[in-house]
Each structure stands twice: as structure tokens, then as C-alpha cells.
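Have a look at the structure below before the remarks.
Residue numbering restarts at 1 for every chain, and letters A, B, ... go by the order of the sequence lines.
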Number of protein chains: 2
Amino acid sequence: MDETPQRLVAKPSWLITQLAVHARRLVNDGFTAAGARGYHYRILAALHEFGPTSQARLGRRCRVDRSDIVAAVNELAEAGFVDRAPDPEHGRRNRVTLTPNGLHQLRHMDTLLDQAQDALLSPLSTNDRQTLIHLLTRVLAHHEPQ
Amino acid sequence: MDETPQRLVAKPSWLITQLAVHARRLVNDGFTAAGARGYHYRILAALHEFGPTSQARLGRRCRVDRSDIVAAVNELAEAGFVDRAPDPEHGRRNRVTLTPNGLHQLRHMDTLLDQAQDALLSPLSTNDRQTLIHLLTRVLAHHEPQ
DNA sequence: CCTCTATGTTGGTGAGACCAACACTAACCC
DNA sequence: GGGTTAGTGTTGGTCTCACCAACATAGAGG
């Protein structure tokens, strides 16, 4: 009952954006349990993988606007997950560093995130998941500025 | 340069939500050219496909909260795309109807939307598009309350 | 030296999804 | 029939995410 219009269901953009709603809900349910949100995970992940950097670079890596990085780093710094200090060899730049507590939080969020991935793709076989990931990666790569 | 963390790229939820960003951008660029937004299209499409209904039912069909339907129907009614009148056989309910102008706007948005779909999936062959749509439909169906 | 670019920061906007509360109506049940 | 329950429209919020304009300031390049 209360069927959704064929005009919507047939559009790839509908499928993707609606599925993104469910994905975000699953992920955020986990993250809020850890007192965090998406931007936090992106930043912690980038710091762990590439080491300390400036906020601007962080934003470019995580696809987050530099003005939004400010707020997110504020929150992470206040929680002790990140350390923000002026870059010694550059007056204007900040140097954001992952703290041990931040690494711990990152690992915690990782397990929460893995559960969400599983819940998200539960109806698909391992093979189907692979093909879906492959196709999505191709399409996304095409739209990333690179 | 400025690579994105592997932790993100490997997550299906990242692929889906990031692709949804691009999808929304493509779609909205078209819609704003028509002075509209996503909610408007959903409502017009539902009215065209299922005929006049109440706002609550409209919301259930389009996956839009009933409080958000109020604002969207306000905008559509002010533009003359939709007619809102109290349901004669139900004191509380409203009866929302698609006007001729609304149908015209729907058709206009349809062509804009088709262009966006094409731009979105441009890197994929017809076959790959089919598979992607099929997989997305399956996953989405699993998460819809039905 | 002067211009151009990059950086951090503040303060907005907008879409979309969602929630709580209220007034009121309809439908249901005893 | 009367009281309870469920549904409807509406107001007024919240949150996340994405994005933009402006500004002060620092570094890099000519």
C-alpha cells in the first residue's frame, strides 16, 4: 500500500539518493552512539592514513569545505581526539595531529561502521556486493575532480 | 594529489552517499533552472500517477514527512501547479489536485531530470546501467518498510 | 616591493530528513 | 451513545551535510 510513483522508482538518481538516506541513517545511528558524526570519522581517518596536516589539506582529502573543517576540528580537539597547533614553519597554517585517544575513537568507529556496511548490503551476495562496489566506484571516479 | 583515505573509499556507504551528492547536484542544477526542488517533483509525480489525495497520503507515497508536505504544497499552490481544497467528505483532510499548469511543469522537470540521469551514469554502458539499477533496486527494496 | 595565492575563521544559505506538540476529526469499541 | 484511539494538518523546531562570501593574514612569485 502507498506505492511510490513509477517516475521516481525508475530514476537512478532516486535509487541512489534514497539509498543514501538509509545508509546515512544506519551509519549515523552507530556514530551518535559514539557521540560523533560523519565529518569526525572522515578527519580521523585522513589523519591516521596520511599523518598530521593543515586543515585546508584535510578538507580537500575528505571532501569537506574548509569552513566546516574548523567546526569539526574544534569538536575533535575538545574531545581530545586531535591536537591543533600552529605550524612551526608556517605562520598561518595549523598542524592537526591524531592523538592516541583519537586513534582509539577511530578504531571504535570502524567497528560500528563495519556493522552498518553489513546491514546496508545484507540482501546481496558477496559477488553482488563486489559488482555493486565496482560499478559505484567507476561512476564516482568519473564525477570526482581528481 | 590530495588522495581520499582508503578507509572511506572502501566503504559502500561512502560510495553511495558521495555519489548521492553528485546526483543531487546534477538534479538540483536542473530543477533550480525551473524554479523548483526535489520535493516538488515528487509531489507532482505522485499526483499525476495516483490522482488527487490527502497530504498525509502524499507524504507516505513520496517518502516526505507530513510537516514538510505542508510547505511544499504551499509553494506548489502559490505557483498554481496544484490545487488545495478541503475534502468534502472528510472535515479534516485536504484534497490536493494537479492543475494543467502543474502537469506542464511536471513534464518540463521530466526532461531536465532525464538529462541529469544521463550525465550521472555517463561512464557506464547500457548493460552496466541495468545491472547497477537492478542491484540498487534490490537493496533499496530491502530497506523500505513496504 | 607588490601582487597573487593559500589559509583559517566567521557567518551565513539551502536541501533534505526528522521529531514533538497541538487542535481537531473520524473511526472504533464497549 | 460515549469514551478512547487513530489519523490529519499545522507550527516550530533540530540535525547533517554541502556550499558560499568575506576578511585578515601569511607565504610565494614576479
Hey, which sits more toward the 5' end of DNA chain D by its nearest nucleotide, A:C62 or A:R66? A:C62
Nearest heavy atom decides the nucleotide; on that basis, is A:R93 or A:V64 closer to the 5' end of DNA chain D? A:V64
State whether the distance check finds a donor on one side and an acceptor on the other, under 3.5 Å, for side chain A:R92 versus base D:dG27. no
Taking all heavy atoms of A:D110 and all of A:Y41, pick out the closest pair and write down the distance. OD1-OH, 2.5 Å
Is A:V70 touching bases, backbone alone, or none of the nucleic acid, heavy atoms closer than 4.0 Å? base
Spacing between A:Y41 atom OH and D:dC17 atom P, to the nearest angstrom: 14 Å
Under 4.0 angstrom, heavy atoms only, what part of the nucleic acid is B:S54 near: base, sugar-phosphate, or nothing? sugar-phosphate
Taking the side chain as every heavy atom from C-beta outward, state whether B:V96 and B:D83 have any pair of such atoms under 4.5 Å apart. no
Spacing between A:R60 atom CZ and D:dC19 atom P, to the nearest angstrom: 16 Å
What is the distance from CZ of B:R84 to C1' of D:dT8, rounded to the nearest Å? 13 Å
Could you state the atom-to-atom distance from CD of A:E89 to P of D:dA28 in whole Å? 10 Å
Roughly how far, to the nearest 0.5 Å, is OG1 of A:T99 from CG of A:L44? 8.5 Å
Shoot me the first and last contacting nucleotide of DNA chain C against chain B, ordered 5' to 3', at under 4.0 angstrom to non-hydrogen atoms. C:dA15 to C:dA26
Of all heavy-atom pairs between A:R7 and B:A45, which one has the smallest distance, and what is that distance? CD-CB, 3.9 Å
Is the phosphate of D:dA18, meaning OP1 or OP2, less than 4.0 Å from a side-chain N or O of B:Q18? yes
Contacts to DNA chain D from residues 25-39 of chain A, heavy-atom cutoff under 4.0 Å, which residues? A:N28, A:R37, A:G38, A:Y39
Do A:I43 and A:V64 have side-chain heavy atoms sitting under 4.5 Å apart? no
Determine whether B:L47 and B:T53 satisfy the following criterion, side chain to side chain contact (heavy atoms under 4.5 Å, CB included), listing intermediate values before the conclusion. CA-CA 7 Å; B:L47 288 176; B:T53 34; 4.1 Å; yes
Please state how far atom CD1 in A:I43 lies from atom P in D:dC17, giving the value in whole angstrom units. 11 Å
Using atom CG of B:N74 as one end and atom C1' of D:dG9 as the other, report the distance to the nearest whole Å. 11 Å
Roughly, in whole Å, what's the span from CG in B:L19 to C1' in D:dA18? 15 Å
B:L135 and B:R138: side chain to side chain contact (heavy atoms under 4.5 Å, CB included), yes or no, with the steps? CA-CA 5 Å; B:L135 289 173; B:R138 276 177 59 201; 4.0 Å; yes
Round to the nearest Å and state the distance from A:I69 atom CD1 to D:dC20 atom P. 16 Å
Between the base of D:dC19 and the side chain of A:D68, is there a donor and acceptor pair under 3.5 angstrom? yes
B:R129 side chain to B:L124 main-chain N or O, any donor-acceptor pair under 3.5 Å? yes
Looking at A:R42, does any N or O in its side chain come under 4.0 Å of the phosphate oxygens OP1/OP2 on D:dA18? yes
Counting any heavy atom closer than 4.0 Å, what does A:D65 reach on the DNA or RNA strands: base, sugar-phosphate only, or nothing? base
Judged by modelled atom types alone, do B:H104 and B:R107 share a side-chain donor-acceptor pair under 3.5 Å? no
CE on B:M109 to NE2 on B:H40, rounded to 0.5 Å: 7.5 Å
